[in-house]
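Remember, it's a predicted structure, so these values are computed and weren't measured experimentally. Order of the sequence lines fixes the chain letters, A, B, ..., with proteins taken first and strands second; residue numbering starts at 1 for each chain.
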Amino acid sequence: MIAQQLVKIVGEGVKHLYGQEPGTGLPGLEKTKKEIPGDFTIVVFPLVRFSRKSPETTAREIGEYLLETVPEIASFNVIKGFLNLVLKDDFWLEFLNQARRQKKFGCLKPRHEDPIIVEYSSPNTNKPLHLGHIRNNLLGHSLSEILKANGHRVIRVNLVNDRGIHICKSMLAYMKWGNGETPLSAGMKGDHLIGKYYVLFNQYFKTEVHDLMEKGLTEEEAEKQAPLIREAREILRKWEAKDPETRDLWKKMNDWVYEGFNETYRNLGITFDKTYYESNTYLLGKELVQKGLDAEILKEKEDGSVWADLREEGLDEKLLLRSDGTSVYMTQDLGTAQSRYETFHPSSMIYVVGNEQNYHFDVLRLILKKLGKSYADHVFHCSYGMVELPEGKMKSREGTVVDADALMEEMYATAETTTRELGKADEMEPSEARELFHAIGMGALKYFILKVDPKKNMLFDPRESIDFNGNTGPFIQYTHARIHSLLRRAALTGLDLSSNVNSSLTLLPLEKEILKKLYLFPEAVQQAGDELSPAIIANYVYDLAKGFNQFYQEIPVLKEEDPEKLLLRLALTQLTGLAIRQAMVLLGIQVPTRM
RNA sequence: GGUCCCGUAGCUCAGCUGGAUAGAGCAACAGCCUUCUAAGCUGUGGGUCGCGCGUUCGAAUCGCGCCGGGAUCACCA
């Protein structure tokens with residue numbers, strides 16, 4: 001690309017003019033600021049120490065050198081230490097022609113190499129998904145798409161947490177108060193039904209704890225001795241002993257939950273290549289720990305528990321096997337990492353997990369390293385922030401969660417109302433209209449979440465509905481629909497869009513603006529991949545759509561009488577449409593062709 | 001208490017690998033539909049970039065110290 005070439009040539013220029021190699025790190029090419037004439041800018045301050053001249057003189061000299069050397073450069077200007085370069089219009093027009101020939105503009109071709117494993121979602125099967133899970137799922141899905149666009153092979157995996165004491169709590173509550181209720185008889189999605197019993201358990205449990213504390217127990221003692229928790233623990237014991245009755249109920253209830261989850265996933269547009277279940281993987285890792293013990297990397301304490309000592313690394317000791325020989329969460333994660341490494345030989349493993357588990361993943365990586373695993377350095381925790389409500393953090397037990405299904409329904413309803421008010425659904429088939437409402441509702445939700453830097457906490461106010469105007473998903477979708485409307489009209493006139501644009505045309509400022517933005521799309525895709533950040537794509541595509549709307553509003557396209565200019569504008573329109581669609585695919589958002 | 005993350009306009013967020021006058025959207029106000037979709041476009045107002053010190057020709061951006069918010073440090077997952 002021209003950017004890298006220019007940087008290189010600047011280096012050569014410095015050597016030619018001042019006899020010194022600037023070496024690494026010096027030159028930096030940036031976009032020229034809006035109000036200043038120019039396309040790219042070189043900040044020459046760092047080069048002054050080679051030239052031993054004023055910034056202005058240095059900039060002028062390098063400018064002259066570039067003007068002579070680089071045929072694409074039309075002119076330059078110098079403001080203080082800033083060297084602003086103007087490229088010839090035919091450079092931009094050539095770019096337009098070349099970009100239009102690409103199959104998938106902005107994306108790299110798939111390379112044949114080891115895959116990247118992206119783990120996300122990882123739900124518990126004792127309650128329905130909420131807004132936090134939505135952020136996780138959207139991030140995981142989008143990251144997978146972004147990595148693919150960067151030429152990687154991606155394996156998307158889901159590790160379902162289908163066993164453990166929390167599941168037993170729902171089971172116990174169901175046994176006690178369920179009366180044989182089923183999703184069908186209750187008219188509820190399976191995950192919501194199970195969630196109901198989880199809440200029920202916690203209500204009764206809370207009362208028990210309260211009563212015990214009245215009798216003088218501390219909270220901690222009460223929580224351990226409450227009859228309900230003892231019963232739940234007994235169910236867990238039976239489950240681990242493979243008691244048939246317990247296992248049957250467990251399976252039945254989990255299947256209900258999966259049916260519910262699948263519906264939620266379908267609405268979200270999320271899929272996986274492989275699903276793991278903890279009930280199958282929770283014993284993994286013991287072998288690994290044993291080997292570490294044999295090699296004296298790990299140590300056993302007197303009571304038989306096994307630990308990794310991370311104090312030299314600035315962390316604490318970490319338990320890997322309890323004194324009774326059973327394993328913990330960390331043990332399992334060590335085991336699944338090893339198992340995935342053996343099956344897929346991934347180039348890296350990315351875990352999309354909330355930032356509350358930052359410590360866990362630091363420890364995981366350290367232990368893998370201690371155990372001498374070469375892949376330890378290729379384990380990445382894609383850590384994202386909490387979704388907060390105006391009152392603070394969402395808490396399942398206190399019922400202050402925003403339910404995923406309810407939220408999606410609401411988004412759909414808002415999309416329908418808004419669209420109908422605008423009269424845009426009037427001439428649509430009911431099925432087309434339904435698809436549109438879904439696309440817009442989900443587009444608004446997804447964009448709202450993905451435009452925020454993943455690592456930051458974000459705020460969601462349920463009282464204010466998610467916007468459809470301004471920097472939003474529907475805004476971008478609308479721009480796309482508008483583009484298609486233009487292209488449809490153009491098609492009616494029988495124009496052939498496939499031929500190349502004449503590269504000796506002169507560009508209007510707004511036309512060039514869009515070309516400059518389009519030029520940045522491949523970079524945005526790459527940066528999003530490097531930083532594991534869909535937000536970069538979201539902000540990019542908003543900027544592009546905004547730019548197109550300005551162009552659209554100011555410059556008539558179809559009224560243009562000069563056929564070459566008409567072709568240019570339509571080509572511009574078409575490529576923008578492609579870039580928007582491509583970017584939105586990376587975000588997992590559908591783009592309607594009319595709305 | 002230790003470690004990590006965050007603090008930018010009334011609100012939600014960009015910008016953070018140091019660069020020119022700190023940007024959007026929402027909300028408020030004022031314009032633009034007999035002309036390609038007004039879910040749009042244009043304009044006005046709104047800022048000690050938490051505070052202080054340092055590094056630098058140059059700091060929202062880097063370093064240190066405070067202040068404020070969050071997460072985490074289980075024989076839970």
Legend entry - Base-pairing mate for B:C62 - Watson-Crick or G-U, with both contacts under 3.5 Å: B:G54
Inset, instruction - Taking atom P in both B:C64 and B:G70, compute the distance separating them and give it to the nearest angstrom. - result: 24 Å
Inset, instruction - Mind checking A:S383 for me? I need base, sugar-phosphate or nothing, with any heavy atom below 4.0 Å counting as a touch. - result: nothing
Legend entry - Separation between the C1' atoms of B:U61 and B:G45, rounded to whole Å: 28 Å
Inset, instruction - Could you tell me the separation between the CG atom of A:L389 and the P atom of B:G70, rounded to a whole number of Å? - result: 14 Å
Inset, instruction - Taking ring pair (Phe, Tyr, Trp, His ring centres under 6.0 Å) as the test, write out the residues that go with A:Y277, two or more places apart. - result: A:Y258
Inset, instruction - Given side chain to side chain donor-acceptor pair (under 3.5 Å), test A:Q225 with A:E221 step by step and report yes or no. - result: CA-CA 6 Å; A:Q225 290 180 24; A:E221 288 167 343; 5.7 Å; no
Inset, instruction - On RNA chain B, check which nucleotide each of A:A535 and A:N358 is closest to and give me the residue with the more 5' one. - result: A:N358
Inset, instruction - Flag as yes if A:F45 stacks onto the base of B:G19 (centroids under 5.5 Å, planes under 30°), otherwise no. - result: yes
Legend entry - Watson-Crick or G-U wobble mate for B:A74, both contacts under 3.5 Å: none
Inset, instruction - Using whole Å, report how far NZ of A:K33 lies from C1' of B:A22. - result: 8 Å
Legend entry - Ring centroid separation A:Y542 to A:F475 under 6.0 Å: yes
Inset, instruction - Name the nucleic acid region contacted by A:N84, choosing base, sugar-phosphate or nothing; use a 4.0 angstrom heavy-atom cut-off, strictly under. - result: base
Inset, instruction - Report the glycosidic orientation of B:C33: syn if within 90° of 0, anti in every other case. - result: syn
Inset, instruction - Mind calculating the distance between OH (A:Y540) and C1' (B:G23) to the nearest angstrom? - result: 18 Å
Inset, instruction - Scan every strand shown for a Watson-Crick or G-U wobble partner of B:A38, both distances under 3.5 Å, and answer none if you come up empty. - result: none
Legend entry - Rounded C1' spacing from B:U56 to B:C73 in Å: 38 Å
Legend entry - Single hit among A:E560, A:E554, A:E564 for salt bridge (Lys or Arg N to Asp or Glu O under 4.0 Å) with A:R569: A:E560
Legend entry - Whole-Å gap separating P (B:A20) and CD1 (A:I42): 16 Å
Legend entry - Those residues that, when tested against A:K424, pass side-chain contact (heavy atoms from CB on, under 4.5 Å) (two or more places apart): A:T419, A:L422, A:Y478
Inset, instruction - Would you tell me if any nitrogen or oxygen in the side chain of A:K34 comes within less than 4.0 Å of OP1 or OP2 on B:A20? - result: no
Legend entry - Gap between atoms CD and P, on A:E30 and B:C16 respectively (whole Å): 11 Å
Inset, instruction - Mind checking A:D461 for me? I need base, sugar-phosphate or nothing, with any heavy atom below 4.0 Å counting as a touch. - result: nothing
Legend entry - Protein-nucleotide distance (A:E388, atom CD; B:C13, atom P), rounded to Å: 9 Å
Inset, instruction - Rounded to whole angstrom, note down the C1' distance from B:U42 over to B:U55. - result: 44 Å
Inset, instruction - Encode nucleotides 31-44 of chain B as B, S and - characters from 5' to 3', where the letter depends on protein heavy atoms closer than 4.0 Å: B to the base, S only to sugar-phosphate, - to neither. - result: ----SBBSBBSS--
Legend entry - d(OH, A:Y447; P, B:C13) in whole Å: 13 Å
Legend entry - Where protein sits on nucleotides 72-77 of chain B, one letter per nucleotide: B base, S sugar-phosphate only, - none, heavy atoms under 4.0 Å: SS-BSB
Legend entry - Interatomic distance, A:N457 CG vs B:U8 P [rounded to whole Å]: 13 Å
Inset, instruction - With P as the reference atom in both, quote the distance from B:C13 to B:C4 in angstrom, rounded to an integer. - result: 25 Å
Legend entry - Gap in Å between the two C1' atoms, one belonging to B:G46 and one to B:G25, rounded: 14 Å
Inset, instruction - Give me the ring orientation class for A:F361 and A:Y351: parallel if the planes are under 30° apart, tilted from 30 to 60°, perpendicular past 60°. - result: tilted
Inset, instruction - Check the pair A:S54 / A:T57 against side chain to side chain donor-acceptor pair (under 3.5 Å), numbers first and verdict last. - result: CA-CA 5 Å; A:S54 72; A:T57 312; 2.7 Å; yes
Legend entry - Pairing partner (Watson-Crick or G-U wobble, both distances under 3.5 angstrom) of B:G68: B:C6
Legend entry - Steps toward side chain to side chain donor-acceptor pair (under 3.5 Å) verdict (A:N158, A:T275): CA-CA 5 Å; A:N158 186 3; A:T275 302; 4.9 Å; no
Inset, instruction - Could you work out the separation of B:G10 and B:G50 based on their P atoms and round it to a whole Å? - result: 13 Å
Legend entry - Six-ring centre of A:W307, A:K318 cation under 6.0 angstrom, axis tolerance 45°: no
Legend entry - Nucleotide forming a Watson-Crick or wobble pair with B:A28, both distances under 3.5 Å: B:U44
Legend entry - Spacing of the C1' atoms in B:A22 and B:U37 (rounded, Å): 35 Å
Inset, instruction - Mind checking ring pair (Phe, Tyr, Trp, His ring centres under 6.0 Å) for A:Y282 and listing every partner two or more places apart, or none if nothing turns up? - result: A:W239
Inset, instruction - State, without any angle test, whether A:T41 and A:N84 hold a side-chain donor-acceptor pair at a distance under 3.5 Å. - result: yes
Legend entry - Opposite nucleotide pairing with B:G23, Watson-Crick or G-U, both atom distances under 3.5 Å: B:C13
Inset, instruction - For A:D39, check salt bridge (charged side-chain N to carboxylate O under 4.0 Å, His left out) against everything at least two apart and list the hits. - result: A:K512, A:K516
